[in-house]
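Below: the structure, in structure tokens.
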2 protein chains.
Amino acid sequence: MKARLNASRDRIVAAALGIMAEQGYAGCSVAAVAERAGMATGSVYRHFPTKADLFAEVFRIASQREVDAVARAAALEATMADRIAAVIETFAGRAWKSPRLAYALLAEPVDPAVDAERLVFRRAYAKVIAGHVAEGVANGEVPAQNPELTATALVGALGEAMVGPLAAGVAGPDTIPGLITFAHRALGVST
Amino acid sequence: MKARLNASRDRIVAAALGIMAEQGYAGCSVAAVAERAGMATGSVYRHFPTKADLFAEVFRIASQREVDAVARAAALEATMADRIAAVIETFAGRAWKSPRLAYALLAEPVDPAVDAERLVFRRAYAKVIAGHVAEGVANGEVPAQNPELTATALVGALGEAMVGPLAAGVAGPDTIPGLITFAHRALGVST
DNA sequence: ACAAGAAGTGAACCAGGATTCAAACCTTGA
DNA sequence: TCAAGGTTTGAATCCTGGTTCACTTCTTGT
């Protein structure tokens, strides 16, 4: 039955996500994933041709979840300044709640094939931000600029500012407001 | 003789740097390094206990070189705005001249032990920038802010904006001026 | 109920590259 | 010149973890 088959596949992905959130990519041997999914190592290969394929999908799903959350939070706000603030708060807040997962998605060493998925992830964030920036430029909230470049730079800034604290396990309480101020200034929001 | 011994060690480091610049960390098997240094594989272990130790040192040296170049360029300028511009131009210009090396230093997957060295590298950049920011705050060139946070965010922004082009092999001609504008605005330089 | 085929099993296999080590080779000092 | 101590060699070894595959177990259709 196909239901069973799909269920197995889902169990594998869920197990991989679970281990990523607890121990990062480092803990994700195929054997560990299979065990957590309640099946034999070899069975994983009934559903995914290689480990890299499996984790490309896992990264895609996890990333999409993050990007969606950020996009959704931003959509609730009225001004561009508030949208950007919402992006940062959501991004950083979620990262802070699942630090191991956030580290895995952002910076942990992984297979090159999986790494490629990370570029997509970052570009997706950049795209969301770029949309808001373009809008802000169009209606005069911020000065003319290349929304792509600004967005890419902001994604880098957010990531870098979070990786340190995530690795260290501590974040200054003013990190998030500080980043919001930084972003607003970088965009040229008139204050 | 000790001179010979030191010379061997230097040859190893130089060979590793050379291969990194040409083929990235991926090409840096111990055997390849040894061959380029003109010695047997095993001899490398006369000078470094493990491969990770060797590359920690290699990363440290290469990073120091980069950070020094940036710091030196910045020191030549008079205003904080110009110093920051010099940082960005030097960083991006050098990365663009040795893209494979820059990619290896910035983003290529490496041993966790070597990865740790990367954090030091980024923090060193941040420290240089933070110094200029603090100075700018002190003499009123820019508004009050946390220089550490601003600097970290800028390092992330620069890295992110360069990794894409480095991987793709193309950079828009307005990337560097765009980044300078971004940085100046983010700092709050009065224009 | 039974045959055909799919799904699951997990121990064995394999690849790639770091690391070791016993033998061969210098260099130095008497 | 010779012996002792240190250095160099590079093929053999080891390790890790992804991948395979011959076999068993289940599901489905007649």
Measure all distances between protein nitrogen or oxygen atoms and nitrogen or oxygen atoms of nucleotides 17-21 of chain D, and list the pairs falling under 3.5 Å.
unit_1	atom_1	unit_2	atom_2	d
D:dG18	OP1	A:Lys51	NZ	2.5
D:dG18	OP2	A:Val30	N	3.1
D:dT19	OP2	A:Tyr45	OH	2.7
D:dT19	OP2	A:Lys51	N	2.8

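- B:Leu54 places its CG atom 10 Å from the P atom of C:dT19, with the value rounded to the nearest Å.
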Should B:Gln145 and B:Thr150 be marked as a side chain to side chain donor-acceptor pair (under 3.5 Å) after you check the CA-CA gap, both sets of side-chain angles, and the distance that decides it? CA-CA 8 Å; B:Gln145 58 195 288; B:Thr150 302; 2.8 Å; yes
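- Aromatic ring centres of B:Phe91 and B:Tyr125 lie closer together than 6.0 Å.
- Atom CD in B:Glu35 sits roughly 14 Å away from atom P in C:dG17 (whole-Å rounding).
- The nearest whole Å value for the distance from the NE2 atom in B:His47 to the P atom in C:dT19 is 15 Å.
- Residues satisfying the side-chain hydrogen bond (donor to acceptor under 3.5 Å, both in side chains) criterion with A:Glu66, sequence neighbours excluded, are A:Arg94.
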Just do the salt bridge (Lys or Arg N to Asp or Glu O under 4.0 Å) check on B:Arg100 and B:Glu22 with the steps written out, would you? CA-CA 6 Å; B:Arg100 199 66 189 76; B:Glu22 285 167 19; over 6 Å; no
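- Annotation: cation-pi geometry satisfied between A:Lys51 and A:Tyr25 (NZ/CZ under 6.0 angstrom from ring centroid, within 45° of ring axis).
- For A:Arg9 and C:dA7, the CZ to P distance is 13 Å, given to the nearest whole Å.
- When B:Glu135, B:Glu141, B:Glu77 are each tested for a salt bridge (charged side-chain N to carboxylate O under 4.0 Å, His left out) with B:Arg83, only one passes: B:Glu135.
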